[in-house]
Structures are given as C-alpha cells and as structure tokens.
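The residues of the chain are indexed from 1 along the displayed sequence.
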Amino acid sequence: MPFFLVFVFLMMSGIAFVFAWFFAEVVFRDSPDRSLQRFRNGLALFTLVFPNVSFGLYYASLPEGESWVTAFYPALWIFMVLGAIVLGVTVALFRRNG
C-alpha cells in the first residue's frame, strides 16, 4: 500500500474518532448510559460485519484477472473509519463513567 494511502486512511480515521467522541459527548449528554452502550455495541457489531460483506461484494464485481487487493482497500478503509467511530463512543462512555 502506498504511503499516501496509509496517511489518508489514518487521517480520516482520526477525524471520524474526534467527530464520534464529540457527538457522543454532546448529543448523548442527557441520555442514560445504557442507551449509549447499546448504540456502541450495535455499531461494533455492524463494524465487524459490514466490511466483510463489502469486501465480498467488491471482490465479486471485479473484472477477471484483477487483484483482490483492489477490493481489500475500500473494505479496510470502511473498517478503520467504523472502528474509529466505535472507539470514539467508547472513550466518551469511559469519560462519562470514570
């Protein structure tokens, strides 16, 4: 993977982390902790399933002879961004409870 793609993936994941943390701190401020935990758990499950499904769909749609890596990078990016969102909500939960 070229260096600039690693940089872009990490930058977008960092932006997603900060946005999710801020969103969880501000929007879910008055909601009970249980609802935020359920939201995080559902998002974590979605994070584990959706990149695999998207990789399968991308891979199935590739022209014959194309490398599987072409389908892997978008699925990796989706996983990294969703994982950063889950991490941001988790940090907001720990800050609220701790």
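Phe23 and Trp21 fall into different hydrophobic clusters, where Ile, Leu, Val, Met, Phe, Trp and Tyr side chains are chained together by heavy-atom contacts under 4.5 Å. Put simply, Leu48 and Ile78 are part of two different groups of oily side chains (I, L, V, M, F, W, Y) that touch within less than 4.5 Å, one to the next. Linking Ile, Leu, Val, Met, Phe, Trp and Tyr whenever their side-chain heavy atoms come within less than 4.5 Å puts Val6 and Met12 in one cluster. Connection of Leu82 to Val91 is not established within any shared hydrophobic cluster, with ILVMFWY side chains joined at heavy-atom distances below 4.5 Å, either directly or through further cluster members. With hydrophobic clusters built from ILVMFWY side chains whose heavy atoms lie under 4.5 angstrom apart, Leu45 does not share a cluster with Val86.
Once rounded to the nearest 0.5 Å, the distance linking CZ of Phe94 with OG1 of Thr90 reads 6.5 Å. How far CG of Leu43 is from CG of Leu87: 11.5 Å, rounded to the nearest 0.5 Å. Atom-to-atom distance recorded for Thr70:OG1 and Tyr59:OH is 10.5 Å, nearest 0.5 angstrom. Note that CG of Leu93 is 5.5 Å distant from CZ of Arg40, once rounded to the nearest 0.5 Å. Atom CD of Glu66 and atom OG of Ser61 lie 10.0 Å apart (nearest 0.5 Å).
Looking at every heavy atom in both residues, Pro74 comes nearest to Tyr58 through CB-CE1, 3.3 Å. The minimum heavy-atom distance linking Ile85 with Ala20 is given by the pair O-CB, 3.5 Å.
Around CZ of Arg38, the count of heavy atoms belonging to other residues, nucleotides or ligands within 6.0 Å does not exceed 12.
Put simply, the side chain of Asn52 does not reach to within 4.5 Å of the side chain of Phe79, judged on heavy atoms. Side chains of Glu25 and Arg96 form no contact here, defined as non-hydrogen atoms less than 4.5 Å apart.
Between the side chain of Ser13 and the backbone N or O of Leu10, no donor-acceptor pair lies under 3.5 Å.
A ring-centre distance under 6.0 Å is found for Phe72 and Trp68.
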